[in-house]
Asker: 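The following block contains the structure, expressed as structure tokens.
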Amino acid sequence: MQAMTNPTTTLLDGLNEKQLEAVTLPHQSALILAGAGSGKTRVLTTRIAWLIQTGQVSPHGILSVTFTNKAAKEMLTRLGAMLPINIRGMWAGTFHGLCNRLLRAHHREAELPPTFQILDTADQLSAIKRVMKAMNIDDEKFPPKQVLGYINSCKEEGLRAYAVDAYDSHSQRMREIFEEYDKQCQREGVVDFAELLLRCYELLSSNKSIREHYQQRFKYILVDEFQDTNRLQYLWLKLLAGTNNCIFAVGDDDQSIYAFRGARVGNMRDFEHDFNVQNVVKLEQNYRSHSNILDAANAIIMHNRNRLGKNLWTSAGKGEPIRIYEGYNDKDEAVFIVDEIKALHKEGIELSQIALLYRSNAQSRILEHELFSAGLPYRVYGGLRFFERAEVKHALAYLRLIANGDDDTALLRVINFPTRGIGARSLEQLQELARQQDSSLWQAACAKAGDGRPGRGLEGFVALVKQMQEESIGLTLAEQVELATRLSGLRDHYAADKEGEDRLANLDELVNAAIAFMNQDIGMPVDENGEVAMSMLAQFLAHASLEAGEHQADVGRDALQLMTVHAAKGLEFHTVFISGLEEGLFPHEQSSYESNGLEEERRLMYVAVTRARQRLYLSFAQSRMLHGQVRYGIPSRFLDEIPEALVKRLNTVSNKSYGSTSQYPAAAPAPAARPQASMPWKIGQAVAHSKFGQGVVVNYEGNANDLRVQVNFGREGLKWLALEYAKLEPL
DNA sequence: CTTGAGAGGTTTTTT
DNA sequence: ACCTCTCAAG
């Protein structure tokens, strides 16, 4: 073999020592602690390529698991560029995508109909409301959203209703709803996201031959973002790995920011123990940021107790100092950011290389307002995705009825949309009949209306769906989608609406999505008899649920990137602005009520800081509009956690009394209207208290004899203090 | 069936 | 402040 042309050598070229070690580890379970910007995806893909190229395993024997479709796609693209050979035999996808695939192939053993449909969160919520209505449960005592959270977190722990502890009447009732909901889903042939995983887990654990089949197949299992796995996902991996296969787990405990949705960082420690991990490889060299930025990130995360321990370093220089700006208020902060961006853009930095990050979505409004005034193009991430739009969901509901009439959720969505005169009363009658004959609503509707009769009302609806089902036979997927959007009357309905233009365009886009779906050659899922397990339509519907599509259309244009810190994970930018660094906002107030909440907020800050390559701006405002009220905050503790030497303060407004100079027109009830003379503190005045520390006066009440002030002490919270007793010092 | 007033609730998000 | 949902009137 000549070194020059040896493909393996080329593959491993340019890896640092630690990366190389990780990529070429022997057949043993391993944990790769991959810091931000340490080349994590590269290691993961190179590992796969190396395993294949050195002949240790064929693509057929590899299972690669990610959390998002985007990550799965990127991995396959990069792998395709590395390897000249076909990797079709490899299974790569999200937990949910892979479970869907397994359940389709073994739907009989999993006791699911071949065309089972997947409920997204909105569908699931409406299904829960339906169950609760049938059970006559007060939705004030049991808010459906809470029930949804309960059911999902039970399932994510791997628990069925019968296995859940319930000692008081309230939790017993919750458990009953859970049980009834699952029964209803089974009756309708639908599964929610958590169910995909749980059902798949149960299938593998109860069916020895299926389990052993996959255990023999997947010798190498690779998992990305391991710190985000929940209990059930961990158990699922453990089951698939069996005793002989090895798991290559890549993750970063410092970037675990999804505990609120069930992620257990603890899985990393459990993994080390359960899989007898001999190899923990730390990737600590960062290729993204200058050292000032990394030092700041390291300094912040050092304040966390529960860590596996890791310190990022770079061979790049110090770079620019971290810029801190203190605004009078949120508007001032936004104006500052916009001015800086204008200057940066003039210097030649592309707008798409600049990110504005914030803790919560509500903060984007004021930024958008100022950007709009300045005429700067921007793109906001978040909000509705393509397949979540109402008109698209309506069209999909008709398609779901074509595939499976028993899908009550779909039926209820469109039985009277476009309106055809089926009101609440007829619906109630229908539901009553369905209950009596223990059938789906569609069967009840057929019993009532026979073959139906074209026109309005229930008969019209039954006739319509039957017509769709008949006419769609033999059509291509795209033709079926077109048929459904047209026959349903959705097109006419939006065409008649003068604001329906966009919606009509989205229906066309749905047809295009169907064409694209047909053209991409995905292997037909095949069941155990080698027969095609599902129609193209059913596959497309599953695709629509599992991959909700892009957040917004115009991706191409050079535009600023606005997003929450969560959404920024995994991305990098030349310049990053983190705004709203105030106690209560970031770290968020709510986090202080959760155990380890503050540590998660700090990891979030760590993620935010490590997004920046060259330049990092941190900003906060002395006051901001929140929930329709002016709020006075104090600077985030995270700012204090950054060594002064790394920082350049752009202005020094702080710590003087600024209540009166505030640009806000009369914050809180206009002080002029109240006995100003007896109020020694102005609203907005920074004060110090012997016990609570630094704070800001935010409100006051009472009269001269009995005056009380409300002070925001940030981490100590909001306190009412009686002026007579409280010892406050001006700052 | 459509419309508007009023109430309630606003951390983060993928599948 | 603002968005979503519900319920009663038109």
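All chains are named by letter (A, B, ...) in the order of the sequence lines, taking the proteins before the strands, and each is independently numbered beginning at 1.
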Asker: When you measure from the side-chain N and O atoms of A:N361 to the phosphate of B:dT11, is any distance below 4.0 Å, counting only OP1 and OP2?
Answerer: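 It does not, given that no N or O in the side chain of A:N361 lies less than 4.0 Å from OP1 or OP2 of B:dT11.
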Asker: From the list B:dC1, C:dA1, B:dT11, which nucleotide is the closest neighbour of the side chain of A:M625?
Answerer: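 Out of B:dC1, C:dA1, B:dT11, the nucleotide with an atom closest to A:M625's side chain is C:dA1.
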Asker: Looking just at side-chain N and O atoms, do A:Q124 and A:N152 make a donor-acceptor pair shorter than 3.5 Å?
Answerer: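 Short answer, yes.
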Asker: Could you verify whether a donor N or O on one side chain and an acceptor N or O on the other, from A:D192 and A:Y181, lie under 3.5 Å apart?
Answerer: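 Distance-only check passes for A:D192 and A:Y181.
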Asker: Could you check whether A:D228 gets within reach of a base, just the sugar-phosphate, or nothing at all, counting any heavy atom under 4.0 Å?
Answerer: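 It contacts nothing in the nucleic acid.
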Asker: To the nearest angstrom, how far is A:D139 atom CG from C:dC5 atom P?
Answerer: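 After rounding, the reported distance stands at 14 Å.
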Asker: To the side chain of A:T94, which of B:dT13, C:dC2, B:dT15 is closest?
Answerer: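 Among the listed nucleotides, the one closest to the side chain of A:T94 is B:dT15.
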Asker: Considering only side-chain heavy atoms of A:T564, which listed nucleotide, B:dC1, B:dT11, B:dT12, is closest?
Answerer: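 Between B:dC1, B:dT11, B:dT12, the one nearest the side chain of A:T564 would be B:dT12.
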Asker: Output the rounded distance in Å from CZ (A:R359) to P (B:dT10).
Answerer: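 Distance, rounded to whole Å: 15 Å.
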Asker: Looking only at side-chain atoms of A:R385, point me to the closest of B:dT15, B:dT13, B:dT11.
Answerer: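 For A:R385, the side-chain atoms sit closest to B:dT15.
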Asker: Let's see if you can work this out: which of B:dT2, B:dT11, B:dT13 has an atom nearest to the side-chain heavy atoms of A:T419?
Answerer: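 The listed nucleotide nearest to A:T419's side chain is B:dT2.
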Asker: By nearest heavy atom, map A:N69 and A:H566 onto DNA chain B; which one lands nearer the 5' end?
Answerer: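 That would be A:H566.
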Asker: Taking any heavy-atom pair under 4.0 Å as a contact, classify A:Q233: base, sugar-phosphate, or nothing.
Answerer: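 Nothing: the residue A:Q233, judged by heavy atoms under 4.0 Å, touches no strand.
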Asker: Measure from the side-chain heavy atoms of A:H627 and tell me the nearest of B:dT13, C:dA1, B:dT15.
Answerer: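 Of all the options, the side chain of A:H627 is nearest to C:dA1.
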Asker: Taking the six-membered ring of A:Y381 (Phe, Tyr or Trp), confirm whether the NZ or CZ of A:R379 is under 6.0 Å from its centre and within 45° of its axis.
Answerer: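 So A:R379 does make the cation-pi contact.
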Asker: Can you identify which nucleotide, out of C:dC2, B:dT15, B:dC1, has its nearest atom closest to the A:L546 side chain?
Answerer: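 Between C:dC2, B:dT15, B:dC1, the one nearest the side chain of A:L546 would be B:dT15.
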Asker: Across the strands shown, which category fits A:T121 at heavy-atom distances under 4.0 angstrom: base, sugar-phosphate, nothing?
Answerer: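 If one applies the 4.0 Å heavy-atom cut-off, A:T121 turns out to touch a base.
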Asker: Are side-chain N/O atoms of A:S360 and A:Q363 paired as donor and acceptor at under 3.5 Å?
Answerer: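 Short answer, yes.
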Asker: Within the pair A:R261 and B:dT15, is there a side-chain N or O less than 4.0 Å away from OP1 or OP2?
Answerer: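 The answer is no; no side-chain N or O of A:R261 sits under 4.0 Å from OP1 or OP2.
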Asker: How close or far is atom C1' of B:dT11 from atom CG of A:L357, stated in whole angstroms?
Answerer: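 Distance, rounded to whole Å: 15 Å.
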Asker: Can you find a side-chain donor-acceptor pair between A:T409 and A:R130 that sits under 3.5 Å?
Answerer: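 There is such a pair (donor and acceptor under 3.5 Å, judged by atom type) between the side chains of A:T409 and A:R130.
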Asker: In whole Å, measure the gap between the P atoms of C:dT4 and B:dT13 for me.
Answerer: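 Roughly 16 Å separates the two P atoms.
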Asker: Considering every strand and a 4.0 Å limit on heavy-atom distances, what is the contact class for A:Y258: base, sugar-phosphate, or nothing?
Answerer: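 Here A:Y258 touches the backbone only, sparing every base.
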Asker: In whole angstrom, give the distance that lies between atom CG of A:N152 and atom C1' of B:dT14.
Answerer: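 My rounded result for the distance is 12 Å.
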Asker: What integer distance in Å separates A:H369:NE2 from C:dA1:P?
Answerer: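 Taking NE2 of A:H369 and P of C:dA1, I get 14 Å after rounding.
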Asker: Could you check which of B:dT11, C:dC2, B:dT15 has an atom nearest any side-chain atom of A:R365?
Answerer: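 Of all the options, the side chain of A:R365 is nearest to C:dC2.
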Asker: For A:H96 and B:dT15, say yes or no: do the ring centres fall under 5.5 Å of each other while the ring planes differ by less than 30°?
Answerer: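 Aromatic stack with B:dT15 absent for A:H96.
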Asker: A:F260 on top of B:dT12's base, within under 5.5 Å and under 30°?
Answerer: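 Yes, the aromatic ring of A:F260 stacks with the base.
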Asker: Contact class for A:N416 vs. all strands (heavy atom < 4.0 Å): base, sugar-phosphate, or nothing?
Answerer: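 Answer is sugar-phosphate: A:N416 comes under 4.0 Å of backbone atoms only.
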Asker: Would you mind telling me which residue lines up with the more 5' stretch of DNA chain B, A:S591 or A:E156, judged by nearest nucleotide?
Answerer: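 Residue closer to the 5' terminus by nearest nucleotide: A:S591.
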Asker: Over how many whole Å does the gap from A:N596 atom CG to B:dT11 atom P extend?
Answerer: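 That distance rounds to 20 Å.
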Asker: Using whole Å, report how far CG of A:L103 lies from P of B:dT15.
Answerer: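 Taking CG of A:L103 and P of B:dT15, I get 18 Å after rounding.
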Asker: Could you tell me how far apart A:R631 (CZ) and B:dT10 (P) are, to the nearest whole angstrom?
Answerer: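 So the CZ-P distance, A:R631 to B:dT10, works out to 15 Å.
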Asker: Can a donor-acceptor pair be found between the side chains of A:Q227 and A:D253 at a distance below 3.5 Å?
Answerer: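 The answer is no; no qualifying pair exists.
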Asker: Within the 3.5 Å criterion, strictly below it, is a donor on A:R264 or A:N267 matched to an acceptor on the partner's side chain?
Answerer: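 Their side chains do contain a donor-acceptor pair, which is all the 3.5 Å distance test asks for.
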